[in-house]
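First comes the structure, then the notes that go with it.
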2 protein chains.
Amino acid sequence: MPMPDVFQLLSDPSRRHLLEALRDGERSVNDLVDSTQMSQPAVSKKLRLLKDSGMVALRKDGRQHLYSIRGQPFREASEWLGFYDRFWQEGLARMDELIGSEVPRRSRRKT
Amino acid sequence: MPMPDVFQLLSDPSRRHLLEALRDGERSVNDLVDSTQMSQPAVSKKLRLLKDSGMVALRKDGRQHLYSIRGQPFREASEWLGFYDRFWQEGLARMDELIGSEVPRRSRRKT
DNA sequence: CCATCACATGCCCGCATGAATATATATCCT
DNA sequence: AGGATATATATTCATGCGGGCATGTGATGG
């Protein structure tokens, strides 16, 4: 199962903040700098990483660099997380944590 | 928008590997050690982090420590990612590849 | 009790990573 | 052309984190 480094990118709060700021659409670097508390080089660096991983796209308009969300990598991460949907479903349905409804591999379940 | 450190936890491949090994249900520490290439202390440490963040639950049976998936934190991450669903939908429908950074297998629409 | 098993913790080290400053490149304006 | 704007890159530094080994703690069995 190839798991990209998307989670690695998402692990940084400031990077997530940038991605959140891009939810409304294209943004220039300066816009993004204003919406954060980071320095411009810091923002540029993070945008570089996000671009290299395919999470954002870059379009140049004059001297402005407009970044926008690129959905595919998110989808991969989302699919990985999808495997755990059933767990939180059980979580609120049954208060117990005896998940033993499936695959009683080696774990001996006590009553 | 409070974003927990779930993504931080998910950023480590070995941690994801542990979580994948727990998809089938409860596992003891030794089981998990066998399913990875890590040493037992390394596994224990990672399990500690996962437990502290609420991603796994611990149940002690004798001298065995059984860990299992705890779905709620996954849900939070999943919800965050949900905001980007629309982007990958657009991604394959519209959006030409004239960003000039990647190789467009299919240039342009079909004529 | 004592040896052993199962697991956790503490300490140490090497490396990746984040941030700040300074500088380079590209574009626009006059 | 020259200067200002917009963004990128380079360098440096400090910190964090993963991962090893040794050791500590609790449970089991003789």
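Lettering of chains follows the sequences in order, A, B, ..., and the numbering in each one begins at 1. Quick note: numbers below take in every heavy atom, side chains included, and nothing from hydrogens, waters or symmetry partners.
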(Q) Less than 4.0 angstrom between a side-chain N/O of Ser39(A) and OP1 or OP2 of dA20(C), yes or no? (A) yes
Q | dC7(C) OP1/OP2 closer than 4.0 Å to side-chain N/O of Arg48(B) | A | no
Q) Within the pair Asn30(A) and dT5(D), is there a side-chain N or O less than 4.0 Å away from OP1 or OP2? A) no
Q. So do Phe87(B) and Arg70(A) actually touch side chain to side chain, heavy atoms under 4.5 Å?
A. no
Q) Quick one: is dG19(D) close enough that its OP1 or OP2 comes under 4.0 Å of any side-chain N or O from Lys46(B)? A) yes
Q.
Here's a test of your reading of the structure: between Gly62(B) and Ser28(A), which maps to the more 5' nucleotide of DNA chain D?
A. Ser28(A)
Q. Between Arg16(A) and Glu20(A), is there a salt bridge with N-O shorter than 4.0 Å?
A. no
Q. About how many Å separate CG of Leu66(A) and CG of Asp61(A), when rounded to the nearest 0.5 Å?
A. 6.0 Å
Q. Roughly, in whole Å, what's the span from CG in Leu47(B) to C1' in dA8(C)?
A. 11 Å
Q | Separation of dC5(C) P from Asp61(B) CG (nearest whole Å) | A | 19 Å
(Q) Once rounded to the nearest 0.5 Å, what's the spacing between atom NE2 of His17(A) and atom CG of Leu19(A)? (A) 10.5 Å
Q) What's the CG-P distance between Leu66(B) and dA8(C), to the nearest Å? A) 11 Å
Q) Do Arg63(A) side-chain and dT5(D) base share a donor-acceptor contact under 3.5 Å? A) yes
Q: Taking only the side-chain nitrogens and oxygens of Tyr67(A), find out if one of them lies under 4.0 Å from OP1 or OP2 of dA6(D).
A: no
Q. Between dG18(C) and Ser14(A), is there an OP1 or OP2 to side-chain N/O distance shorter than 4.0 Å?
A. no
Q) Could you state the CD-P distance from Gln8(A) to dC15(C), rounded to the nearest angstrom? A) 18 Å
(Q) Looking only at the side chain of Pro41(B) (C-beta and beyond, no hydrogens), which of the listed nucleotides dA8(C), dT9(D), dG19(D) gets closest? (A) dA8(C)
Q. Roughly, in whole Å, what's the span from CG in Leu58(B) to P in dT9(C)?
A. 10 Å
Q: Nearest whole angstrom, please: distance from the P of dG16(D) to the CG of Asp12(B).
A: 17 Å
(Q) Could you tell me how far apart Gln37(B) (CD) and dG18(D) (P) are, to the nearest whole angstrom? (A) 18 Å
**Q.** Interatomic spacing from OG in Ser35(B) to CG in Asn30(B) - rounded to 0.5 Å
**A.** 10.5 Å
Q: Write down the distance between NZ (Lys60(A)) and P (dC28(C)), rounded to a whole number of angstrom.
A: 12 Å
Q) Taking the nucleotide of DNA chain C with the closest heavy atom to each, which residue, Gln40(B) or Lys45(A), is nearer the 5' end? A) Gln40(B)
